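Here the structure is laid out as structure tokens; the discussion comes afterwards.
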Amino acid sequence: MTDQEGGAVRRLEGEPVKNARQMCGNGTAAAGGIGAGENLRSVGMNMNLAPVLDVYHVSGNFIDEYGRSFSSNATTVGICGVDFMEAQRTTGVLSTVKHFPGLGTANVDQNTDLTVVNLNVTLSEIRSIDEQPYSVAIAAGAELVMASWAVYPALDPISPAGFSYKIIQCQLRDHLGFQGVTITDAIEAGSLEPFGSYGDRAVLASQAGMDLIMASARDITQGSDIVTALADALDNGTLDTEAFTNATKRIEKLKMSLA
């Protein structure tokens with residue numbers, strides 16, 4: 001898997017050349033999904049960490065600076081996001097919609113890769129704007145949802161979304177009805193430094209309801225440390241065995257869909 005959103009955020013050269021805002025603006029989101037899928041398949045990949053479903057609230061903010069958001073209109077983001085996702089699916093590549101419950105209010109300097117980010121958006125705005133595209137994408141069969149590392153005081157005043165049971169289980173699964181696979185953003189993000197080692201963070205994410213832990217530091221010890229921490233947490237009861245087993249079953253079901 002990798003990020004092949006389009007525009008400036010492409011790990012592979014080639015399609016989609018246009019960014020999300022450009023694709024949505026000229027009606028080529030579906031073509032972008034096909035281009036991304038075919039590009040990824042050509043190098044043996046079957047999952048894209050895209051499309052972005054964040055609804056930008058202010059022009060030029062963090063998620064709009066490079067045109068990563070389809071639109072400032074939640075309905076439009078949902079339509080274009082689903083067009084991209086469904087078209088990409090026809091190429092045999094799964095989609096990851098992100099960054100739940102949304103980074104659309106983040107200022108240009110609020111980057112969770114670098115620092116702690118608190119987004120003081122109201123519950124009403126989250127429900128009526130930021131979550132709306134996710135509801136549409138889930139109804140259209142979104143395979144994976146990536147959680148944000150921002151903190152949303154209206155939902156959980158303490159934990160980043162990917163560490164929050166209130167956000168992942170209560171909001172995403174119970175409120176929106178998502179039954180697919182959840183995945184973290186990069187576990188080495190700078191905003192997570194207060195939460196301990198990579199292993200500590202992985203356990204917190206798993207407790208919140210995250211199925212897949214994205215370890216992308218290009219350090220082979222990172223993954224082994226996370227596996228050890230999760231195994232130890234299962235052995236000592238820190239992680240619930242039934243919940244962990246259910247997460248494993250969701251991942252296996254996702255893998256089978258690619259067979």
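Remember, predicted model here, so these are calculated numbers, not experimental data. When a residue number appears, it is its place in the shown sequence, counting from 1.
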- Yes or no on side chain to side chain donor-acceptor pair (under 3.5 Å) for Asn236 and Thr238, after CA distance, side-chain angles and deciding distance? CA-CA 6 Å; Asn236 65 32; Thr238 301; 2.5 Å; yes

- CG (Asp3) and CE (Met146) are apart, to the nearest 0.5 Å, by 6.5 Å

- From Glu131 CD over to Ile126 CD1, what is the distance, rounded to the nearest 0.5 angstrom? 6.5 Å

- Task: Without swapping roles, check the side chain of Asn246 against the backbone of Ala243 for a donor-acceptor pair under 3.5 Å.
- Result: no

- Message: Is it the case that the side chain of Thr245 and the backbone of Thr241 share a donor-acceptor pair, with hydrogens and angles ignored and the cut-off at 3.5 Å?
- Response: yes

- Message: Among Val116, Ile187, Asp113, exactly one meets side chain to side chain contact (heavy atoms under 4.5 Å, CB included) together with Trp149. Which residue is that?
- Response: Ile187

- So does Glu5 pair up with Arg10, basic N to acidic O under 4.0 Å? no

- Checking Asp240 side chain against Glu242 main chain: does a donor-acceptor pair fall under 3.5 Å? yes

- Query: Is the shortest heavy-atom distance from the side chain of Thr115 to the side chain of Ser191 under 4.5 Å?
  - Reply: no

- Message: Donor-acceptor check, side chain of Thr228 to backbone of Ser224, threshold 3.5 angstrom: yes or no?
- Response: yes

- Query: Does Tyr66 OH have over 12 foreign heavy atoms under 6.0 Å away?
  - Reply: no

- Just by distance, do the side chain of Glu188 and the backbone of Ser216 share a donor-acceptor pair under 3.5 Å? yes

- Query: Are Asp130 and His57 close enough, and set up right, to give a side chain to side chain donor-acceptor pair (under 3.5 Å), and what steps lead you there?
  - Reply: CA-CA 9 Å; Asp130 298 297; His57 289 225; 3.1 Å; yes

